[in-house]
Number of protein chains: 2
Amino acid sequence: MSQLPTVVDVGRVAGVSRQTVSNVLNSPGLVKPATRERVEAAIAQLGYRPHASARRLRTQKSSTLGIRLDPMQNGISGAVLDRFLHALTEKADQRGLRVMLFTALDPEDEIRQFKRLRDGADVDAFVLTATFHGDPRTEWLIENNVPFVTFGRPWGIDDMNDPRHLWVDVDGWSGLHEATGHLLGEGRLRIAYLGWPRPSGTGDDRRRGWRDAMESDGRLSAAELDALDLSTVDGVAQGREALQALLDSGTPVDAVVCASDSLALGALLAVGADIPVIGYDNTPVAEAVGLSSVEQPLDEVAAGALELLLGPTGGEIVGWSSSSTDPRHRLVTPHLVMRERSAITGVR
Amino acid sequence: MSQLPTVVDVGRVAGVSRQTVSNVLNSPGLVKPATRERVEAAIAQLGYRPHASARRLRTQKSSTLGIRLDPMQNGISGAVLDRFLHALTEKADQRGLRVMLFTALDPEDEIRQFKRLRDGADVDAFVLTATFHGDPRTEWLIENNVPFVTFGRPWGIDDMNDPRHLWVDVDGWSGLHEATGHLLGEGRLRIAYLGWPRPSGTGDDRRRGWRDAMESDGRLSAAELDALDLSTVDGVAQGREALQALLDSGTPVDAVVCASDSLALGALLAVGADIPVIGYDNTPVAEAVGLSSVEQPLDEVAAGALELLLGPTGGEIVGWSSSSTDPRHRLVTPHLVMRERSAITGVR
DNA sequence: TACTGCTGTTTGATCGATCAAATTGCGGTG
DNA sequence: CACCGCAATTTGATCGATCAAACAGCAGTA
């Protein structure tokens with residue numbers, strides 16, 4: 001007992017050869033229906049499972065994605081990566097792929113890990129998060145012909161449409177545009193934007209969403225908008241200070257939209273309950289304190305990443321050269337989650 | 001070019017056979033030093049990496065740990081699991097192990113995944129989080145002789161010392177005991193405990209830490225302690241309400257210690273800036289708002305889990321039957337992180 | 001009859017490593 | 001000098017699957 005069954009065992013029970021069993025699993029179309037049923041019955045009877053390592057050795061494919069787990073994302077928003085990771089694992093599972101983790105100290109070290117995992121045939125594609133301009137990682141992957149997809153668009157103009165660079169991203173512009181529009185629709189006029197210092201790919205994109213919504217509303221002048229456009233590094237205390245400074249300057253504020261939940265929480269502490277604040281990322285904290293926020297549909301992001309990598313249905317990683325008509329990237333639209341702010345309301 | 005080098009290639013360059021190369025990698029003691037150096041030079045020159053799948057096929061070991069990524073931990077504290085995951089990945093890397101993720105809908109489904117991953121030789125040990133009394137998962141793993149370790153002690157009395165059940169946990173009693181002691185040392189007397197409803201393994205353990213510290217202080221009666229002992233389901237709003245109710249009842253409170261950062265944040269909102277509050281888990285939120293908290297040393301937990309599984313140094317998973325003198329579990333002591341509460345102070 | 005074309009199935013070789021057994025070299029001993 | 005024991009290294013077999021090519025069976029065609 002106890003020895004796991006192999007294709008040979010299944011073949012013996014079903015009265016066919018190894019290869020036929022293999023065909024039932026991998027190319028069912030080749031096998032006569034009657035035979036296929038017999039084999040399938042034998043598989044069920046023996047509880048046969050293909051031996052992943054043996055298959056990988058032969059096919060030189062691991063059916064595994066590698067993803068770097070960051071040492072600790074910046075404060076509150078780290079949760080976003082984790083939710084993405086979960087969504088990715090789930091979607092990958094559905095396609096028969098596994099997700100393997102690794103850590104790295106810096107981009108160079110990460111490249112070293114790429115090499116290690118690729119050479120050991122541990123993974124056959126990578127999912128990257130948080131790419132930046134002139135990222136050495138994507139360059140290396142492209143040069144070495146390793147399939148990958150990034151969560152986050154490449155912010156350099158050249159890279160953006162490089163067909164070898166697959167990417168998925170959330171449309172921050174749209175998120176802030178919607179949030180701002182919602183507040184305008186509620187009759188708020190002087191809506192401030194609390195974001196990060198320029199230049200910041202994601203940050204500037206979100207800022208643009210706010211600004212465009214405000215400009216198409218048209219009631220505030222460019223100068224007035226400039227006054228409502230705040231920048232500070234991410235953090236609750238920083239957000240609070242930035243907004244406090246604005247209020248102290250005497251500028252009236254009807255509402256605030258933010259580039260992150262950390263900033264939003266800070267803003268909330270500064271403005272109190274009567275002025276609506278909308279954050280970004282819809283982190284657990286936002287939910288906990290009842291803060292409205294822009295939710296990134298990470299399920300869609302994960303599904304999109306896999307679709308770019310594998311095509312709409314497949315479970316085979318073929319690399320960027322598959323079909324030149326396939327889409328190369330996908331922009332996912334976030335949506336607004338409005339809340340009553342019950343937990344913090346009434347604090348002051 | 002482009003074909004990855006194999007043991008044969010390395011052997012050719014070094015002027016030895018495959019097996020000698022293999023020995024250099026796996027049993028260096030068998031190889032004459034001079035030969036070993038030649039082989040190592042060849043390995044470096046060719047950039048040789050052993051093919052993980054080939055090795056696994058032969059040895060029937062995957063050098064991979066499986067861990068379930070939960071659908072979304074309860075609110076704020078989800079971050080704890082994520083930090084553990086990171087620590088685990090890092091420590092596993094150091095021992096040449098990989099971490100593979102999977103998802104499951106419920107314990108039964110998780111067992112199905114165990115089977116799948118084990119049969120496919122994808123992983124050879126599992127790390128479980130959040131075990132509960134009479135957990136079918138640990139039972140299945142024990143019965144089927146699959147090595148595993150849990151983060152979280154089994155709360156059933158029988159299971160606690162089952163030598164086949166390896167576990168690591170954080171000493172919540174000690175964490176609350178220290179937090180309470182710290183506040184007592186600062187001259188606070190009427191320290192409330194805000195925790196979860198009984199019965200809760202972790203929750204009751206933490207409560208006991210507070211209670212023991214208060215009792216050995218001795219200045220409050222049992223009845224007074226009972227009045228300061230609060231229970232509510234986890235959440236910011238719930239924590240705030242529970243504490244508000246206590247204050248409304250006229251009971252004076254000098255400080256609050258909590259079973260979670262969510263509850264602590266709620267408490268903080270209820271009591272304001274002058275009364276110190278200490279949370280649990282030291283989540284990013286606690287850091288963001290400047291809340292004191294009990295930090296779980298997840299590095300130690302992860303390292304401990306691997307040590308139980310593999311022994312102090314090894315990279316081989318041997319299962320629970322290794323040596324009967326090895327330790328079966330480990331209790332890690334958390335430590336207090338005190339903060340000034342700069343972000344929330346002054347809100348009221 | 002012999003030959004072609006097709007479908008369904010089987011056999012031989014292979015992926016890259018390790019295990020187990022065989023082999024070589026060599027100093028020591030009766 | 002033949003032989004033993006030991007250390008260092010090599011050779012043959014194997015892990016479980018898939019690929020590539022061969023093969024059997026059968027219909028259609030000349």
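Within every chain, numbering begins at 1; the chains are lettered A, B, ... in the order of the sequence lines, protein sequences first and strands thereafter.
Using a 4.0 Å heavy-atom distance criterion, A:T6 is classed as a sugar-phosphate-only contact. Heavy atoms of A:S53 sit nowhere under 4.0 angstrom from any nucleic acid atom. As judged by a 4.0 angstrom heavy-atom cut-off over every strand, B:S17 is placed among the base-contacting residues. Contact annotation for B:V8: no contact, since no heavy-atom pair falls under 4.0 Å across all strands.
For B:R18 and C:dA21, the CZ to C1' distance is 13 Å, given to the nearest whole Å. One interatomic measurement links the two molecules: CG of A:L57 to P of D:dT18, which rounds to 11 Å at whole-angstrom precision. In this structure, A:R56 places its CZ atom 13 Å from P of D:dA17, rounding to the nearest Å. Rounding to whole angstrom units, CZ of residue A:R12 and P of C:dT11 are separated by 13 Å. Straight-line distance from the CD atom of B:Q60 to the P atom of C:dC19: 11 Å, rounded to whole Å. Atom CG of B:D9 is separated from atom P of C:dC15 by 11 Å (rounded to the nearest Å). Computed from coordinates, the A:D124 CG to C:dC15 P distance equals 19 Å when rounded to whole Å. One can place CG of B:N23 at 10 Å from C1' of D:dA8, the figure rounded to the nearest angstrom.
Applying the 3.5 Å distance criterion, the base of D:dT14 shares a donor-acceptor pair with the side chain of B:R58.
For the 3.5 Å distance criterion, the side chains of A:T103 and B:H86 fail to qualify, holding no donor opposite an acceptor. Defined by atom type and a distance below 3.5 Å, a donor-acceptor pair is present between the side-chain atoms of B:Q60 and A:H51.
Here B:R330 does not pair with B:E300 in a salt bridge; the nearest charged N to carboxylate O distance is not below 4.0 Å.
For DNA chain D, no neighbouring residue in residues 36-49 of chain B is found when judged by any heavy atom under 4.0 Å.
A:I142 and A:F148 get closest at one heavy-atom pair: CG1-CE2, 3.7 Å.
Relative orientation of the A:F126 and A:F102 rings is perpendicular, given thresholds of 30° and 60° on the angle between their planes.
Of the candidates C:dT18, C:dA17, C:dT9, the closest approach to any side-chain atom of A:T35 belongs to C:dT9. Comparing C:dT18, C:dG8, D:dC15 against the side chain of A:K32 picks out C:dG8 as the nearest.
Within the 3.5 Å criterion, the main-chain N or O of B:V170 finds a donor-acceptor partner in the side chain of B:R153. Judged by distance alone, with hydrogens and angles left aside, the side-chain atoms of B:T6 form a donor-acceptor pair with the main-chain N or O of B:V8 at under 3.5 Å.
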